[in-house]
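In what follows, a structure is listed as structure tokens, so that the remarks can point back to it.
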Amino acid sequence: MSKKPQRTPVAASERVRLEIEFDKPQLLGPLFGQYDQNLIALEGQLGVYISARGNKVQVEGEAEATARARDVLTGLYNRLAHGGSIDAGDVMGAVAIAADPSLDGLVSAESGMAASASIRTRRKTIVARSPTQVRYIEALARDSIIFALGPAGTGKTYLAVAQAVSQLISGSVDRLVLSRPAVEAGERLGFLPGDMKEKVDPYLRPLYDALYDMLPAEQVERRLASGEIEIAPLAFMRGRTLANAFIILDEAQNTTPLQMKMFLTRFGERSRMVVCGDPNQVDLPNPGSSGLADAVKRLDGVEGISTLRFSSREVVRHPIVGLIVDAYEGPPQDG
């Protein structure tokens, strides 16, 4: 049996106490989490002490932190009351968003998230879990070309696919084009068995996985067969003009400057383009020749093009992934 974590009250000096009363006791189980793990996460992030009795919750701590904890709890409760669900990642994301001064006025107490910081697809509604994700979702709905830079696990590709699927469902684009460089880590397609599709599919699997998370399987298969959704290696983009499409390039750090120029110039009328990559994970023989870094520098300040940079602190997978990213980006340890 798991042992319930212990919580320590904040110091008695300069302490503020707030009380929140919830009118649907059946929602308090998922709100608090198993063994109150969501409350414990709030305490750890905000430095407050939370106690619950019946349908009332008391929050004690420094005034600003206490108010943030109240807003997060109220927002998450309202999300549950409207039929949504929450997990530990939602709790941490809500805390991070509420604590970001640049998002003041954007966070709704009714939903616990920033206005317009969600994407609705057929299978689920995806909600921003970090301040940069809030800005990214806004850019996905606004700008023509978006560069999303940062480590694995920050939601760059996943949110781009979600926005692409949402726009396909709404009819604002006619098709999705999802692409990745097919040569990574020194491996070449000729060494892989099978025909061309069998050779490239392993490289494109993360894009398939995201699609199946957003749409029922039969819709994915039907739209792939009809050409509404196209998943192809970057080399297949040469010579095309992609109009009325949502185009995503994943793992863009593994393009050369010429490949990146080729891809960006595929942009057509009524289209949107997202370029995702991690500048610290370049698999090219010469890491300094990445087309992603080159494009971001060249296009800085161009109207209609935005760049979002995620950090390891915004990894939305298991928290240990962020620590691993930090360890690899720092200097190697002796011994």
Side-chain angles (χ1 to χ4, degrees), residues 79-80 82-87 89-90 93 106 108 110-130 132-148 154-180 201 204-232 236-237 240-252 263 266-276 304-306 308 316:
R79 196 182 305 180
L80 290 168
H82 286 88
S85 60
I86 62 172
D87 57 26
D90 291 312
L106 296 179
S108 165
E110 286 72 29
S111 64
M113 61 187 182
S116 74
S118 64
I119 302 171
R120 185 180 298 277
T121 67
R122 284 281 163 82
R123 296 193 65 177
K124 60 169 63 176
T125 296
I126 295 91
V127 177
R129 288 189 169 189
S130 73
T132 306
Q133 283 195 1
V134 173
R135 300 181 186 96
Y136 186 32
I137 290 175
E138 292 174 344
L140 287 170
R142 179 189 66 229
D143 296 323
S144 298
I145 298 176
I146 302 101
F147 290 94
T154 49
K156 305 182 304 296
T157 304
Y158 192 79
L159 289 174
V161 173
Q163 180 68 19
V165 168
S166 179
Q167 292 197 208
L168 181 64
I169 293 170
S170 70
S172 57
V173 297
D174 292 337
R175 57 179 170 156
L176 313 185
V177 180
L178 314 178
S179 185
R180 293 180 81 178
D201 269 2
L204 304 173
R205 179 50 51 188
L207 298 175
Y208 283 104
D209 291 343
L211 279 174
Y212 283 110
D213 222 18
M214 312 296 172
L215 288 170
E218 64 275 9
Q219 286 199 29
V220 175
E221 299 299 335
R222 176 170 57 81
R223 293 174 189 269
L224 283 167
S226 69
E228 284 182 89
I229 300 176
E230 179 183 354
I231 303 180
F236 288 18
M237 298 295 105
R240 305 175 61 185
T241 298
L242 301 171
N244 204 25
F246 198 112
I247 311 138
I248 300 172
L249 177 62
D250 195 24
E251 299 293 342
F263 176 78
R266 301 310 93 200
F267 191 89
E269 293 291 332
R270 300 177 304 281
S271 289
R272 184 152 295 155
M273 184 175 282
V274 183
V275 180
C276 305
I305 299 178
S306 60
L308 284 299
V316 294

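Hydrogens, waters and symmetry mates are skipped; everything else that's a heavy atom, side chains included, is used.
For E218, the CD atom is densely surrounded, since the number of other residues' heavy atoms within 6.0 Å is greater than 12. Within a 6.0 Å radius of CZ in R120, other residues, nucleotides and ligands contribute 12 heavy atoms or fewer.
To the nearest 0.5 Å, atom OG of residue S306 and atom CZ of residue R142 are 6.0 Å apart. The line from OH of Y158 to CD1 of I119 is 10.0 Å long, rounded to the nearest 0.5 Å. Rounding to the nearest 0.5 Å gives a distance of 11.5 Å between CD1 of I146 and CG of L159. Between the CZ atom of R222 and the CD atom of Q219 there is a distance of 5.5 Å, given to the nearest 0.5 Å. The CE atom of M214 sits 10.5 Å away from the CD atom of Q163 when rounded to the nearest 0.5 Å. With rounding to the nearest 0.5 Å, the separation of CD1 in I229 from CD in E221 is 9.5 Å.
The two residues A160 and Y136 come nearest to each other via the heavy atoms CB-OH, 3.6 Å. Closest non-hydrogen pair, L308 versus A139, comes out as CD2-CB, 3.9 Å. The two atoms that bring L242 and R175 nearest to each other are CD2-NH2, 3.8 Å, heavy atoms only. Contact record, R123 with Y212: NH1-O, 2.8 Å, taken as the closest heavy-atom pair. Heavy-atom minimum distance, L80 versus S85: CD2-CA, 4.0 Å. The two residues A162 and T121 have their closest heavy-atom pair at O-CG2, 3.7 Å.
A side-chain contact (heavy atoms from CB on, under 4.5 Å) with S179 is found for one member of R266, M237, E230 and no other, namely M237. The only member of I305, I247, I248 that meets side-chain contact (heavy atoms from CB on, under 4.5 Å) when paired with M273 is I247. Applying the side-chain contact (heavy atoms from CB on, under 4.5 Å) test between C276 and each of L249, V161, T157 identifies T157 as the sole match.
Taking the side chain as every heavy atom from C-beta outward, R223 and L176 never approach each other to under 4.5 Å. In this structure, Y208 and L224 have side chains that are in contact, with non-hydrogen atoms separated by less than 4.5 Å. Between R122 and V165, the closest side-chain pair of non-hydrogen atoms is not below 4.5 Å. R270 is not listed as a side-chain neighbour of D174, based on a closest heavy-atom distance of 4.5 Å or more. For the pair R272 and S172, the minimum side-chain heavy-atom distance is 4.5 Å or more. Between D90 and R79, some side-chain heavy-atom pair lies under the 4.5 Å cut-off. Counting heavy atoms from C-beta on, the side chains of F236 and V177 never come closer than 4.5 Å.
T132 and S130 share no side-chain donor-acceptor pair at under 3.5 Å.
Judged purely by atom type and a 3.5 angstrom limit, Q133 uses its side chain to pair as donor or acceptor with the backbone of T154. Proximity of a side-chain donor or acceptor of S271 to a complementary backbone N or O of A245 within less than 3.5 Å is detected.
For the ring pair (Phe, Tyr, Trp, His ring centres under 6.0 Å) test, no residue two or more places apart in sequence or in another chain qualifies with F147.
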